[in-house]
Amino acid sequence: MSKIFVDACFRKETPYTPVWMMRQAGRYLPEYMEVRAKAGNFLNLCHNPEFAAEVTIQPLDIVGVDAAILFSDILVVPNEMGMKLDFLKGEGPVFDKPIKTEEDLDALIGGEEAANKLTYVYETIKILKQRLPQDKALIGFTGAPWTLATYMIEGQGTKTYNLCKKMMYSNPEFLHKILRRVTDVVKFYMEKQIEAGVDVVQIFDSWAAAIEPSKYDEFSWKYMVEIAEYLKEKYPHIPIIMFPKGIASFIERGLVYGNFDVFGVDWGTPMALAKEKLGEKYVLQGNMEPCRLYSKEATTMCVEAIQNIMGGSGHIFNLGHGILPDVPVENAIHFVKECQRVSKKA
Ligand code: 1CP
């Protein structure tokens, strides 16, 4: 049975434009909070394939999206490379020993050995392949090397990125060494997710906007393209979605390149601009401002506007970044229904 989401990624004709939401499995769902409480904490949830599979499926049943995204976190990768990770209440992720020196980097596990430690992720995928309806796609994912490196160098989320940027301008060779190590793990990690059964993969470069545009290719995009090209060569039937957040000027100047299928448009980039610059080469995903979900009217207006620009082809509906934890579930359902309604073909 063909999957509408996979078909749309390859620009095939579909009965309507499929829709999913970044961070669709999460705290806005009371059912998620229940499973998370059973697991004890967030990392336990990621490590337990039964629980992770359960929360992955929730948004399909509750919200009606057309694809499931594997429940995990981007930070399990540096964690399995040997960096101790905690999620502190109210503060987010914290690594106890951020990378400061060559010795710190050398001490980390690399390549396939690190990817092999993520067995709970592959186990979750295998469970999901059995439980997901045949017509729904499963999206696997990773953080982009740059976005992962920001946490590995800063030790936590950051507003200023000063440690990463100090390294970028005063010791770029070392930053490249870190990015190389992460890229090599991520290639194996994505490959193993595909072998375990994901139908599509997405690379999240959530902190792309922290890099000045003239340096974006050097420190992030080229590594993402390397991963995409490695996977495309081996698995041409698996669509690849690139989501770099906050790089409208890079798009505008025609600097996006590479062998992948879908470009995820963030909410700060006008869809019309993305269409003009990228719409011929790539299917576009996105891009409603997630806070519109607080208002059903604002949601409907935006869904219609995006539909008018995209015209129901070469497009996948999504938010322009993740859904926030205090969005009413009924508004998320409304968004999904509106996307399916406005794009339905007679
Ligand atoms: O339950 C909780 O309290 C934890 C909240 C939470 C959740 C639900 C975190 C902590 N991660 C996740 C799941 C998650 N993370 C998914 C699941 C699948 C889905 O989308 O439904 C995905 C794809 C991610 C990816 C992720 N983690 C990104 C990239 C995507 C994005 O939103 O930009 C990033 C940057 C992270 C790091 C992260 N994980 C969690 C937190 C609090 C953070 C830090 C964010 C920050 O630094 O501001």
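Here the structure is a predicted model, which is why all the values come from computation and not from measurement. Atoms within each ligand, like the ligands themselves, are counted from 1 in listed order. Values below: all heavy atoms of this structure, side chains included; hydrogens, waters and symmetry mates excluded.
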### Distance-only polar pair, side chains of E80 and Y120, donor-acceptor under 3.5 Å
yes
### Query
Any heavy atom of Y32 sitting closer than 4.0 Å to ligand 1?
yes
### Donor-acceptor contact present, side-chain D135 to main-chain K3, <3.5 Å
no
#### Entry: Nearest protein heavy atom with distance in Å, relative to atom 9 (C) of ligand 1
F42 CZ, 3.4 Å
### Any side-chain donor near an acceptor of the partner, Y216 and E212, under 3.5 Å
no
### Query
How close does the nearest protein non-hydrogen atom get to atom 27 (N) of ligand 1, and which residue and atom is it?
D73 OD1, 2.9 Å
### Message
Distance under 4.0 Å to a non-hydrogen atom of F204: what atoms of ligand 1 satisfy this?
### Response
23 (C), 29 (C), 30 (C)
#### Entry: Donor-acceptor side-chain pairing of W207 and Y151 below 3.5 angstrom
yes
### Task
Name the option, out of P325, A144, A52, S206, that contains the heavy atom nearest to atom 29 (C) of ligand 1.
S206
#### Entry: Heteroatom distance test (G26, ligand 1): nitrogen or oxygen, under 3.5 angstrom
no
### Message
Under a 3.5 Å threshold, yes or no: a donor from one side chain and an acceptor from the other, between Q24 and Q58?
### Response
no
### Query
Looking only at protein heavy atoms, which one is nearest to atom 5 (C) of ligand 1, and how far off is it?
R27 NE, 3.9 Å
### Shortest protein heavy-atom distance from atom 2 (C) of ligand 1, along with the residue and atom involved
R36 NE, 3.1 Å
### Task
Grab the two heavy atoms, one from E54 and one from V35, that are nearest each other, plus how far apart they are.
OE2-CG2, 3.6 Å
### Task
Any atoms of ligand 1 less than 4.0 Å from a non-hydrogen atom of Y151? List them with their elements.
35 (C), 37 (C), 44 (C), 45 (C), 46 (C), 47 (O)
### Query
At what distance is the nearest protein heavy atom to atom 26 (C) of ligand 1, and which residue and atom is it?
R23 NH2, 3.3 Å
### Query
Relative to atom 43 (C) of ligand 1, which among G92, A37, P93 owns the nearest non-hydrogen atom?
P93
#### Entry: Closest protein heavy atom to atom 10 (C) of ligand 1, given as residue, atom name and distance to 0.1 Å
F87 CE2, 3.5 Å
### Query
Under 3.5 Å, is there a donor-acceptor pair between the N116 and Y122 side chains?
no
#### Entry: For atom 48 (O) of ligand 1, the option (of Y28, W207, F243) bearing the nearest heavy atom
W207
### Task
Would you check whether A25 reaches within less than 4.0 Å of ligand 1, judged by its heavy atoms?
yes
### Message
With a 4.5 Å cut-off on side-chain heavy atoms, are I323 and M22 touching?
### Response
no
### Query
So, are E338 and K296 salt-bridged, with charged N and O less than 4.0 Å apart?
no
### Query
Short list, please: which atoms of ligand 1 are under 4.0 Å from a heavy atom of L70?
18 (C)
### Query
Any side-chain heavy atom of F219 sitting closer than 4.5 Å to one from L175?
yes
### Query
Counting distance only, does the side-chain N/O of Q193 pair as donor-acceptor with the main-chain N or O of F141 below 3.5 Å?
yes
### L75 to P93 - nearest heavy-atom pair and separation
CD1-CB, 3.3 Å
### Message
I want to know if ligand 1 touches T147 in the polar sense, i.e. an N/O pair below 3.5 angstrom.
### Response
no
### Task
Say whether H321 and ligand 1 are in contact under the criterion: heavy-atom distance to a ligand atom below 4.0 Å.
yes
#### Entry: Element-labelled atoms of ligand 1 that are located less than 4.0 Å from some non-hydrogen atom of S72
13 (C), 14 (C), 15 (N), 16 (C), 17 (C)
### Task
Measure the distance from atom 23 (C) of ligand 1 to every protein heavy atom, then report the residue, atom name and distance (to 0.1 Å) of the closest one.
F141 CZ, 3.5 Å
